[in-house]
2 protein chains.
Amino acid sequence: MASSKRQLLIDTALDLFRREGYHATGIDRVIAEAGVARMTLYNHFKSKDELILAALRHRDSGFRDGLVRRVEHLADTPGERLRAVYDALDIWFNSDDFHGCMFINAAAEYHDPENPIHIAAREHKERVRNYIRDLAAQAGAPDPEALGDSLNLLAEGSIVMAHAANDKNAAKTAKAAAEPLLRAAGL
Amino acid sequence: MASSKRQLLIDTALDLFRREGYHATGIDRVIAEAGVARMTLYNHFKSKDELILAALRHRDSGFRDGLVRRVEHLADTPGERLRAVYDALDIWFNSDDFHGCMFINAAAEYHDPENPIHIAAREHKERVRNYIRDLAAQAGAPDPEALGDSLNLLAEGSIVMAHAANDKNAAKTAKAAAEPLLRAAGL
DNA sequence: TTGACAATATAGACCGATCTATCTAAAAAC
DNA sequence: GTTTTTAGATAGATCGGTCTATATTGTCAA
């Protein structure tokens with residue numbers, strides 16, 4: 001139970017932060033939703049920011065694991081998998097409660113680049129970009145960094161348009177935009 | 001003075017919201033920074049949300065006017081101007097205090113698509129996208145909507161990477177990524 | 001130019017609600 | 001029997017918003 005309460009708090013907080021934002025979600029709300037005593041939270045996390053960081057760390061691995069798993073399920077070759085990234089995004093955007101990227105939102109609420117929360121967001125974005133770069137390398141692109149970065153920009157742009165502009169078609173738009181780039185790279 | 005106080009409040013709030021975020025900026029901070037009485041604010045705006053909306057409206061026109069002006073100054077033909085959009089972004093990203101896009105940040109803090117603040121963000125994103133679509137049409141692209149949307153995704157993606165991932169080179173990456181798309185469209 | 005009236009701005013008290021965080025003492029779990 | 005969890009009181013700060021009574025404006029007529 002020692003760590004089950006901790007995980008329960010992370011899961012609960014993650015869901016609230018995702019659906020309502022960070023400042024908008026109070027500690028009271030988290031403990032009420034988790035059905036846990038206030039001191040249990042402060043026993044596991046020394047502050048709200050620490051809880052946010054723990055939630056983001058959990059989301060980072062969870063999101064990327066899910067992305068990789070889904071992409072590998074959708075396609076077999078690296079070239080196809082680069083395209084499948086957008087199919088995975090499409091599923092995400094059109095899921096029941098899509099509320100944008102938690103890390104973009106975190107960076108939006110915590111502007112200071114030195115803030116640990118902002119740093120967590122930056123690291124997540126770098127890891128996702130690296131994953132796409134890796135796929136581009138595996139696919140044998142002549143300049144995998146450049147191709148990966150380009151495809152990553154389309155992916156990030158589609159997240160923004162899906163959330164801020166409420167364009168649930170953004171992933172399909174991105175996939176179409178990616179095609180000439182992949183072709184130009186011989187893929 | 002009637003409207004000068006109002007404009008002073010909008011300018012002050014805009015700057016604070018931009019630098020620190022919406023929830024993180026209290027009314028007290030706005031009136032202190034503006035050097036204005038509390039009731040002066042509530043005389044001009046019936047709530048904080050109304051002030052946010054007024055600030056976003058002002059920023060929407062200001063940002064887009066600045067973008068158009070800068071793009072037109074940097075390039076003469078529509079094809080060149082599509083490329084110049086990324087040069088304008090590059091200047092923005094590397095300016096003294098870049099804190100990301102106020103509208104992406106607004107959507108991040110106000111998730112509900114029905115929320116007027118979120119709607120203001122959506123409308124801004126649509127207007128910027130339409131501007132790029134228009135440039136693509138003026139440039140004689142075979143499918144100006146598709147090209148415009150693709151180039152817009154690269155632009156939005158670069159804003160995210162510049163802010164969340166602290167990649168000040170994102171606009172140059174986006175410009176390089178745009179080139180094959182423009183070429184494929186005969187531009 | 002002056003006087004008068006209406007609109008606006010002022011400082012600051014005040015409200016209830018909420019915020020993060022701490023503390024304690026009893027209960028439960030391992 | 002030691003660690004963890006519990007409920008709830010409590011702290012001090014801050015939140016958005018209202019109210020009042022005074023002072024400062026801007027406008028227009030005499």
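All values reported here derive from a predicted model rather than from experimental measurement.
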Sugar-phosphate, base or nothing in reach of N43(B), heavy atoms under 4.0 Å: sugar-phosphate
Between [X] ([atom1]) and [N] ([atom2]), how many Å, whole number?
X: H44(B); N: dA7(C); atom1: NE2; atom2: C1'; value: 11 Å
X: Y22(B); N: dC15(D); atom1: OH; atom2: C1'; value: 19 Å
X: R6(A); N: dT5(D); atom1: CZ; atom2: P; value: 11 Å
X: K48(B); N: dC15(D); atom1: NZ; atom2: P; value: 8 Å
X: D49(B); N: dG16(D); atom1: CG; atom2: C1'; value: 10 Å
X: I31(A); N: dT22(C); atom1: CD1; atom2: P; value: 14 Å
X: I27(B); N: dT18(D); atom1: CD1; atom2: P; value: 11 Å
X: R29(A); N: dA17(C); atom1: CZ; atom2: P; value: 18 Å

Polar side chain donor-acceptor pair, D11(B) to Q7(B), under 3.5 angstrom: yes
Check: Y22(B) main-chain N/O paired with K48(B) side-chain donor or acceptor under 3.5 Å: yes
Atom pair CZ/CG of R59(A) and L14(A) - distance to nearest 0.5 Å: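 It comes to 6.5 Å.
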Charged N-O contact under 4.0 Å between R57(A) and D60(A): no
Is [X] close enough to [N] that one of its side-chain N or O atoms is under 4.0 Å from OP1 or OP2 there?
X: T40(A); N: dT6(D); answer: yes
X: H23(A); N: dC15(D); answer: no
X: K5(A); N: dT6(D); answer: yes

Centroid-centroid distance, H23(A) to Y110(A), less than 6.0 Å: yes
Side-chain donor/acceptor of R38(B) to base of dG17(D), under 3.5 Å: yes
Minimum-distance nucleotide to M39(A) side chain [options: dT20(C), dC23(C), dT10(C)]: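 Nearest to the side chain of M39(A) among the choices is dC23(C).
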From dT20(C), dG16(D), dT6(D), nucleotide with atom closest to Y42(B) side chain: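 Looking only at heavy atoms from C-beta outward on Y42(B), the closest nucleotide is dG16(D).
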5' priority, DNA chain C, between K46(A) and A24(A) [closest heavy atom]: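 It is A24(A) whose nearest nucleotide is closer to the 5' end.
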